Amino acid sequence: MNAALREMAKKAESRPFYLAASLRLYMDSEGMNEAALAKALGCKEDTLAEVRLCRAPRGEANEFQSDVDRIAAQFAIHATVLAEACRRGEVLRKMRESTTTDAGAYMAARDQEDPV
Amino acid sequence: MKSESPLTPEQEAELHRRLAARDPVAPSQLAKHFLDPLAQHLVRAKGEADEPMCYDAATEALFNLSERPETCISGVSLWNYLCMSASRDLMNLRRKAKSKKGSAISLDSVELSSQDGKCLQTPDFRIEIETKEEADRVRRHLLPIVLQDLAEAEQQALELLIDRVKETSRYAEVLGITQLSLDEQEKIVKRLKDKLNARLKRARDEG
């Protein structure tokens, strides 16, 4: 088991460029660990580290499916499970960003309203 | 000190092409092929750094190249580029670690980084990098110009120069000229340092 590659995949969770970021949010939302996700995708945990270090699929529908199919074919994993995990993860990431932005705007507005 | 790419030049070029073409699998393959060799290169080359830190630096260099493959221009070896980039990242990590231990970092001692570097310098040359945008500009424009057409040994010598290594013997080792007399070694190393400094200055003006 390549521990270094798994560690790198873990660090990639904080970078939306990587599939690891979406998959982390998906796992958290499902209460899954890596072993469970690997099983759902139909691969070993070592392979999952390599999957997580792929670039996240692009946003446009045809590009998204093409990228998912490319990754699924490369690692012989279930494309439908990967697509669902990517979509869910991406939605969760955008919701989180939106919530953070809204909270920031709300606090800034409150700062302006509050008497000094 | 001398190390080789885990891939052939043709395989490197193909992987670089796929990174640039946004092949979603390419970043994973870059990591799989280069993470261990790159970290081990740092462990051998920078003996005083600990292995986990070398892996952190290698990881950072691989992230940066995957996300911005255009920073390594065509014709420059991915391996040599990654070695340079990871060395810079390692120096930053070491300085940050020292800083956490309480020693203040002077502006003079901070190296190039895509994240938060302040300057790129050798004993005879210095570029101020005040912002992340400036660091990106240096990575995108300056380093490729500097690295272009340099032999691998010269790139390793440049790495030493930026590390501010002074010993002629270290340069002689990477250049493979240790069998020559010390006088000859000094002349060759001096000539190379002049060439590299001139190239850095030219790149700064053009970049």
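Note that the structure is a prediction, hence the values are computed from the model and not measured. Residue numbering restarts at 1 for every chain, and letters A, B, ... go by the order of the sequence lines.
Identified by a heavy-atom distance below 4.5 Å to chain B, the contributing residues of residues 53-64 of chain A are L53(A), C54(A), R55(A), R58(A), in residue-number order. Residues of residues 19-39 of chain A never come within less than 4.5 angstrom of chain B, heavy atom to heavy atom. Among residues 65-76 of chain A, the residues having any heavy atom closer than 4.5 Å to a heavy atom of chain B are, in sequence order, D67(A), R70(A), I71(A), Q74(A), F75(A).
Scanning all heavy atoms of the two residues, the minimum distance from W79(B) to S5(B) falls at CB-CB, 3.4 Å.
Heavy atoms closer than 4.5 Å to chain A are found in the side chain of D36(B), but not in its backbone. Both the backbone and the side chain of L62(B) have a heavy atom closer than 4.5 Å to some heavy atom of chain A.
Taking the six-membered ring for Trp, F17(A) and F63(B) have ring centres at least 6.0 Å apart.
For K11(A) and D56(B), the salt-bridge test passes: some basic side-chain N is under 4.0 Å from an acidic carboxylate O. For the pair E90(A) and R93(A), the salt-bridge criterion is met [side-chain N within less than 4.0 Å of a carboxylate O].
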**Message:** Walk me through whether E51(B) and Q40(B) qualify under side chain to side chain contact (heavy atoms under 4.5 Å, CB included).
**Reply:** CA-CA 8 Å; E51(B) 188 168 293; Q40(B) 291 306 319; 3.9 Å; yes
**Asked** Given the rule in the side chain to side chain contact (heavy atoms under 4.5 Å, CB included) test, do Y81(B) and L65(B) qualify, once you have shown the distances and angles that lead to the verdict?
**Response** CA-CA 9 Å; Y81(B) 181 83; L65(B) 180 60; 4.1 Å; yes
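Atom-to-atom distance recorded for Q11(B):CD and Q29(B):CD is 10.5 Å, nearest 0.5 angstrom. One finds the OG1 atom of T47(A) at 10.0 Å from the CG atom of L41(A) (value rounded to the nearest 0.5 Å). One finds the CD atom of E14(B) at 11.0 Å from the CG atom of L78(B) (value rounded to the nearest 0.5 Å). Atom NZ in K193(B) sits 9.0 Å away from atom NZ in K166(B) (nearest 0.5 Å).
Residues satisfying the side chain to side chain donor-acceptor pair (under 3.5 Å) test with T168(B), not counting sequence neighbours, are none.
Taking the side chain as every heavy atom from C-beta outward, C54(B) and L90(B) approach each other to under 4.5 Å.
Side chains of S28(B) and Y18(A): a donor-acceptor N/O pair is absent below 3.5 angstrom, by distance only. Residues R68(B) and N64(B) bring a donor and an acceptor atom of their side chains to less than 3.5 Å of each other.
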